[in-house]
Structure formats: C-alpha cells, structure tokens
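Right, one structure below, let's go through it.
By convention in this document, chain letters (A, B, ...) are assigned in the order of the sequence lines, proteins followed by strands, and residues within each chain are numbered from 1. Nothing here was measured: the structure is a model prediction, and the numbers come from that model.
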Amino acid sequence: MKPVIDVLEQRISRVLSSVTEQPDAAALVKTATDPRFGDYQVNGVMAAAKRLKTNPRQLAEKVIEELDLSDICQTPEIAGPGFINLRLKPEYLAEKLLEINADTTHVGIDKTGGPKRMVVDFSCPNIAKQMHVGHLRSTILGDALCRILQFEGHTVIRQNHIGDWGTQFGMLIAYLKQTSPEIIERPDSVHIADLEQFYRNAKARCDADRDFAALSRQEVVNLHEGNPETLNIWRHIVDESREHYQPVYDTLEVNLNQDNERGESFYADRLAGLVEELKGKGLAVESDGAMCVFPEGFVSKEGQPLPFIVQKSDGAFLYATTDLAALKFRIDELKADHIVYVTDARQKLHFEMLFATARLAGWVPEHVALAHVTFGTVLGEDNRPLKTRSGENIKLRDLLNEAVQRARTVVEEKNPQLDEDRKTDIARAVGIGAVKYADYCNNRTSDYVFSFDKMLAMDGNTAPYMQYAYARVKSIERKAAGKDVDIQSELSGIATLNLTEPAELDLARHLIRYGEVIANAMADYRPNYLTTFLYELAQKFSGFYNACPVLDANAQSRPTRLLLCDLTARTIAHGLGELLGIRVVEQM
RNA sequence: GUCCUCGUAGCUCAACGGAUAGAGCGUUGGCCUCCGGAGCCAAAGGUUAGAGGUUCGAAUCCUCUCGGGGACGCCA
C-alpha cells in the first residue's frame, strides 16, 4: 500500500494546483508537529498564497471546498496562518491495518516503482589486520542500507573492497618466508594465530633490518609481477585473514562473505591502462614527478589547484587509482546505476575528487548516481576516539564479546530459570543487538560516545527495550491458551475492526506509518529515523498495553486488540530483524 | 591559512523551511489483588554558541564572529 502521506500529498497538490492555476504547487504534507493539530498538516498553502499575493486562509478555504478526502480524513480544519490540519478516520485506519495484516511477507509496503542496480561499498577492512572498532560503523551501516534497499525491491550488489594489495604485503611475505620457510612448500601448514602481532613483528623487522627491508621490497615486485611462489603466500595471508574477520561478520549477523569480496588486488592489472587513458584525455598531467588530475573547484592552501594523485613519482599506483578502477568496473561491468560508498567523513574530500575525476573522464553516464554516505567517529568516555588504555585500537571481536558477556549477566539476573542454551542465545541477541542499535539510533553524521551501560540499559531508546517490547507481546500469545483464547481463530478472516480507545487509535495511526518512515530513512541513508519510529512504536504499544486489556477484553474489542498486538510484533520483528539485522527473541 | 563538519534541557541525543523546539537518562511526585514493573503516567528543566540577513514563517538557508572535531601531493 502506498503511504498515506503520499496519497495526501498527491491529492491535495492536484487541488492546490488547480485552484491556484500553478501546475507545480506542492501541498507539502508533513506529519503533524503536535497531536493537537491532528495527524497530518498541509504546509504548502501559505507558500502558494504568497506567490499569488492572496490571503492564505482564504486560499485554504478554497482548497478545502474542492478537496474530497472523505474516504481518508475527517473534515479538514484551517488553523494558524493557513495550515490545513488532517485527522485520519478510524475506518480508514482499520482498513489499512487489515491490509497490512493480509500481507504476510511485506508488512503492507509496496516495492519501489523504479528498481535499480545498487552497488554498496562498505566494511572494507585491511587484510592482515584485525578488524577494530573503526570498522564497526561502515560494516553495520552498510549492511542496514543494503537490507533496506533490497526490501524496497532494488538489486543490491554488496562490495567489500578489502585492502589486500599494498606494499605492506612485501614485508609480510618476506617475514613468513623467514620465520616459517615451510610455507613455500605447504602454505596451508602455517597458521597465523594473531594477525596483529604478526603484522607488528614484520613491521619491526622491516624497520630494524635493512637487508630484510630490501627483501620486502623485492617481494612487492614479485607480487606485482605475479611470481607464483609469492602469489601463493599472498593468497594464504588473505585466506588466513578471512578466518579472522568472517567470524566477526557472522557474530554481527551482517550479510557479508567471500562472494562479496572484490579487493584492491582485483583491480591491480587495470591501473596502468587507466592512467594511460587519463593521460590520453589530457586529464592526468605530471606535477612534481607524480601523475595528477586537477579537477576544477578544488583548491589547496595557497589557492593552488588541488591534485588528485593517480600515480606516484616512483611509478606506483595508489588508492585513488584503485578507487577509479573500481568505480569504472562497477559502472561498466556490474552495470550499476547507483553506487553508494559507506566510509567515515574524513574521506569526504577524497570521494568528491574521485567523483569529479570520474565524471571528467566521461566514465559516469547521466543516469548513474554516486553517493558518499559518511559517518562520525566512535568515541570513548573521554570524548576521544575509542581506544584501549594503552592507546591501541580496540578489536571488534573483543568489543562484541564483552557486549555479549554483559548481556549474559543481565539475563542471568532477570531470568535465572531459563536453560543454558536459551540464555546463551538471548545474550547474543541482546548484546550484539545493543551495539548495533546504539550505532543506528544516532545520527550517522555525528560522533557518538560508546557506552555499554547505556546501550544495554532496559530503559530508553535501546535494543533491550525494543526486544523487551517484542517479548511482551509474545508473552501475551503464550498466555492466550491458558485463558481459552484462540488467537488463530479470532484473527483468521478478521474483516472489521473496532478501534475506539485513544490508546488503540494512537497505536494504529503509528503502525500504518511504517512505509513512510522507511522511505524517509532511505532517502537520506539514515537508519535513526527507523529506530526512532520503532521506539515510538514500542512506547505506544506500552501505553496501549497498560490501558487496554487484551486477553480479558470483551468479544467486541478482543480481535482488534489481538490484531494490534500481532501487527506491533510483526513490525518490530521486521524493522529490527529484517532491516537492521537485530534479532528479536520470544523470551528474555 | 583554505575547505568540510558540528555547537539544541544538567547529561546523551531528535527535529523531513512550519504553529507553544521534542525524547531518553538523571531529578521530583504518582501507579503493582491486573496479559512480563526490564513497565506506565505526570512535573520541573531552553534567548537552539553569538551577531546580522533572507522568508508570511529559521535550530534548519546565507554572511560574519567564537568554540570543538576533521581534511588539505605522492597512506587508505
């Protein structure tokens, strides 16, 4: 079903256009800023009146005369300087709830009318290093965006642009050859238990030993030239690294695996040609020995043009080159018509220049949209980027383990009678859910302070609160049998509703807004719109739960209330589970 | 120095150019013979950093100032 707000916008805009004789007059329907103003408000009349130099209230009168919303709203009211306030009819709410109920797979939300091929670039850890807290936001934000886009009906191509092809590999390969010479014959026999330590050791040797440094450089050359022995070891390092980061994705319940990987190495043999092409087009020129593109509008310190360096003075390529190659590949071969990059805000300039350069080169057709979805930093309690006490990056694995452990303690305290497996499962859902939810519920552009205590709190806008709301509905369902209530038969074929209590209506009005909120969240790539909606839903459900008995309700009210419970549970499960990748549990 | 970004209640944060700027935490006061009190209801708390401007209307857009964070030629 189409969101009510869109239906209203369309219908009122049409009337406003005809009354004002201005074809592009927009109704500007928004959700009401205050319940006293009804459910939706029309803001566009005042702007239109201004253009016509007429009285806005009088114009609003005319619009209302022409407008027929009787199937949706009660009589519209004019208020203030020229707002039109709209209140949905209970009959309309009932009709919509039944529609949602009938849609068992898609919670009453239409697929997009214009499906696209969307490439989403996210997570992107460096191989040969542990994933740390800095990868958290890109990974889960990207995953949520993919889930939502997919739900909307787009074709989503997840791309994990892993860092598997840098000069650091020379040193890692050289180090493995020295410390585990058997790797040359049998790469599989060497297991890297601690990636971080491995990297540090190699780096230390490289810094201390000139001969080793020379070997490292030679291995870089070998790698680029495709030397089979070096390549084998490199491949092994990549495989070993995957053993470390795949479990993190699994724990996070993020849909990423080897199939989504297309790392820097994939583009390695395209770079030289790409730079040649840029040179040929007169875009890349030499500056201080490096090959640079100078896209218009980018200036540096002294007002000099800012370079986008595509080849270093020593001939090596760098991330700008790889990113260009990836962009080109995604358009030419993946046939993307929308590419979304999910990285932290510090890379903003880089992506602006990347997009500008690609456009200059003529690689971006008109219909292709490029977006950089930025986010802020995860901070510690000291308001500095989150680190361990000794100043190191916090490993994502450790962070998640702690969250689960803390959740486990709470479950143990609240529900000791549950069996062990159940407790373990709940602790996982709650702990991981808390970390993800805490991230999603903040505006992605701002930094946020990471706090286990806050994200695991049972009060407030947190995952546990949401999961609790869900578990409470499920508890009602479990209790039903004991009270001789057959939910199945009361809900099957339900054709009319009896919405009368304020708390019922309030909950109903909120439930039907789900599709509108998803659209809003996606238009701006902002999951916090979704968490806010879900939180409000849980609050409204609690209000309803307190005010309206369900199982003990009379025959007039009970089916309606059972349906409200069911739709609330389905919406929470969908929003949390399907769109945000946060598991709900029946009991907690 | 240039550019980007942020500055909203004691704290953490919302607010899609709209009406009297909203939540949560914390504080204060209510609500358990009742479907999970891990809850609900209510109160107090604000010159939206400051100054101009645009607009019928500005936390939101523009300009400047102050303050935090970030980026700015061979790292990603």
Stacking check A:Y545 vs B:rG39 (5.5 Å / 30 deg) = no

message = So if I take residues 30-38 of chain A and measure heavy-atom distances to RNA chain B, which residues fall below 4.0 Å?
response = A:K30, A:T31, A:T33, A:R36, A:F37

Using the 3.5 Å cut-off, write out each protein N or O paired with an N or O of nucleotides 67-71 of chain B and the distance between them.
none

ask   = For B:rG73, does the O4'-C1'-N9-C4 (purine) or O4'-C1'-N1-C2 (pyrimidine) torsion place it in syn, i.e. within 90° of 0, or in anti?
value = syn

key: Minimum-distance nucleotide to A:M46 side chain [options: B:rC74, B:rC35, B:rG18]   = B:rG18

query = Which is true for A:Q41 with a 4.0 Å heavy-atom rule: it touches a base, it touches only sugar-phosphate, or it touches nothing?
reply = base

note = With syn meaning chi within 90° of zero and anything else anti, the base of B:rC32 is syn

note = Quick note, A:K312 side chain, CB onward, closest among B:rA76, B:rC75, B:rG73 is B:rC75

key: Toward the 5' end of RNA chain B, by each residue's nearest nucleotide, A:Y465 or A:D314   = A:Y465

Report all side-chain donor-acceptor pairs from residues 24-31 of chain A shorter than 3.5 Å, counting only partners two or more places apart or in another chain.
none

query = According to the side chain to side chain donor-acceptor pair (under 3.5 Å) rule, which pairs have a member within residues 304-313 of chain A, sequence neighbours left out?
reply = none

ask   = With Watson-Crick and G-U wobble geometry limited to distances under 3.5 Å, how should the secondary structure of RNA chain B be encoded in dot-bracket form, using | for bases paired to another strand and [ ] for crossing pairs?
value = (((((((..((((....[...)))).(((((.......))))).....(((((..]....))))))))))))....

message = Would you measure the distance from the C1' atom in B:rG67 across to the matching atom in B:rU8 and give it in whole Å?
response = 15 Å

message = Regarding A:A480, tell me which of base, sugar-phosphate or nothing describes its non-hydrogen contacts under 4.0 Å with the strands shown.
response = nothing

ask   = What nucleic acid atoms does A:A471 come within less than 4.0 Å of, heavy atoms only: base, sugar-phosphate, or nothing?
value = base

task = Please state the C1' separation for the pair B:rG29 and B:rG46 - nearest whole angstrom.
result = 23 Å

message = So if I take every side-chain heavy atom of A:A47 and compare against B:rC74, B:rG36, B:rG18, which nucleotide ends up nearest?
response = B:rG18

ask   = Quantified in whole Å, what is the P atom distance between nucleotide B:rU65 and nucleotide B:rC40?
value = 47 Å

ask   = When you check the gap from the basic side-chain N to the acidic O, do A:E490 and A:R558 get nearer than 4.0 Å?
value = yes

ask   = Just by distance, do the side chain of A:S557 and the backbone of A:A553 share a donor-acceptor pair under 3.5 Å?
value = no

inquiry  = Measuring centre to centre across the rings, with the benzene-like ring taken for any Trp, is A:Y341 within less than 6.0 Å of A:F122?
reply    = no

query = Could a donor-acceptor pair under 3.5 angstrom be found where the side chain of A:Y319 meets the base of B:rA76?
reply = yes

ask   = Given B:rC74, B:rA14, B:rG73, which nucleotide is nearest the side-chain atoms of A:T532?
value = B:rA14

message = Can you check the distance between B:rA42 and B:rG36, where both ends of the measurement are the C1' atom (answer in whole Å)?
response = 24 Å

task = Quick one: sort the A:F452 and A:F450 rings into parallel, tilted or perpendicular, breaks at 30° and 60°.
result = perpendicular

inquiry  = Between B:rG45 and B:rC3, how far apart are the two P atoms, rounded to whole Å?
reply    = 42 Å

ask   = At what distance, to the nearest 0.5 angstrom, does CD1 of A:I426 lie from CZ of A:R583?
value = 9.5 Å

query = Mind checking what makes ring pair (Phe, Tyr, Trp, His ring centres under 6.0 Å) contact with A:F317, not counting sequence neighbours?
reply = none

List the atom pairs, donor and acceptor, that lie under 3.5 Å between side-chain atoms in residues 519-526 of chain A and the rest of the protein, sequence neighbours left out.
| from | atom 1 | to | atom 2 | distance (Å) |
| --- | --- | --- | --- | --- |
| A:Y525 | OH | A:H338 | NE2 | 3.1 |

N/O donor to acceptor pairs below 3.5 angstrom from side-chain atoms of residues 52-61 of chain A, sequence neighbours left out:
| from | atom 1 | to | atom 2 | distance (Å) |
| --- | --- | --- | --- | --- |
| A:N55 | OD1 | A:R57 | N | 2.8 |
| A:N55 | OD1 | A:Q58 | N | 3.1 |
| A:R57 | NH1 | A:G80 | O | 2.6 |

request  = Apply the test ring-ring contact (aromatic ring centres under 6.0 Å, His included) to residues A:H135 and A:Y245: give CA-CA distance (whole Å), side-chain angles for both, the deciding distance (0.1 Å), then the verdict.
outcome  = CA-CA 11 Å; A:H135 297 111; A:Y245 66 73; 9.3 Å; no

request  = Pick base, sugar-phosphate or nothing for A:N55, based on heavy-atom distances below 4.0 Å to the nucleic acid.
outcome  = nothing

query = Does A:N443 make a side-chain N or O approach to OP1 or OP2 of B:rA14 shorter than 4.0 Å?
reply = yes

message = So, does A:S446 get its side chain near the phosphate of B:rA14, meaning an N or O under 4.0 Å from OP1 or OP2?
response = yes

message = Check this for me: A:R346, atom CZ, are more than 12 non-hydrogen atoms of other residues, nucleotides or ligands nearer than 6.0 Å?
response = no

inquiry  = Please enumerate all residues that pass salt bridge (charged side-chain N to carboxylate O under 4.0 Å, His left out) together with A:D207, with sequence neighbours excluded.
reply    = A:K203

Pairwise C1' distance for B:rA58 and B:rA44, with rounding to whole Å = 28 Å

query = Picking from B:rA76, B:rG36, B:rA15, which would you name as closest to the side chain of A:Y529?
reply = B:rA15

key: Residue-level proximity of residues 518-528 of chain A to RNA chain B when a heavy atom falls under 4.0 Å   = A:R526, A:N528

task = Check each of A:L567, A:V4, A:D39 against A:I512 using the side chain to side chain contact (heavy atoms under 4.5 Å, CB included) test, and report the only one that passes.
result = A:V4

request  = Take the angle between the ring planes of A:W165 and A:W234 and call it parallel below 30°, perpendicular above 60°, tilted in between.
outcome  = perpendicular

Residues 371-387 of chain A side chain polar contacts: donor-acceptor under 3.5 Å, at least two apart:
| from | atom 1 | to | atom 2 | distance (Å) |
| --- | --- | --- | --- | --- |
| A:H372 | NE2 | A:T343 | OG1 | 2.7 |
| A:D382 | OD1 | A:R384 | N | 3.0 |
| A:K387 | NZ | A:N393 | OD1 | 3.2 |

task = Take A:F308 and A:F298, measure what ring-ring contact (aromatic ring centres under 6.0 Å, His included) needs, and give me the verdict at the end.
result = CA-CA 10 Å; A:F308 190 60; A:F298 296 92; 8.7 Å; no

query = Distance between the C1' atoms of B:rA14 and B:rG24, in whole angstroms?
reply = 10 Å

Show each protein N/O and nucleotides 24-34 of chain B N/O combination with a separation under 3.5 Å, one pair to a line.
none

query = Are A:L505 and A:R509 close enough that some pair of their side-chain heavy atoms sits under 4.5 Å apart?
reply = yes

Residue closer to the 5' end of RNA chain B, A:L306 versus A:C441 (nearest nucleotide) = A:C441

message = Nearest to the A:C292 side chain among B:rG36, B:rC35, B:rG73, which nucleotide is it?
response = B:rG73

request  = Scan A:M291 against the nucleic acid and name what it touches under 4.0 Å (heavy atoms): base, sugar-phosphate only, or nothing.
outcome  = nothing

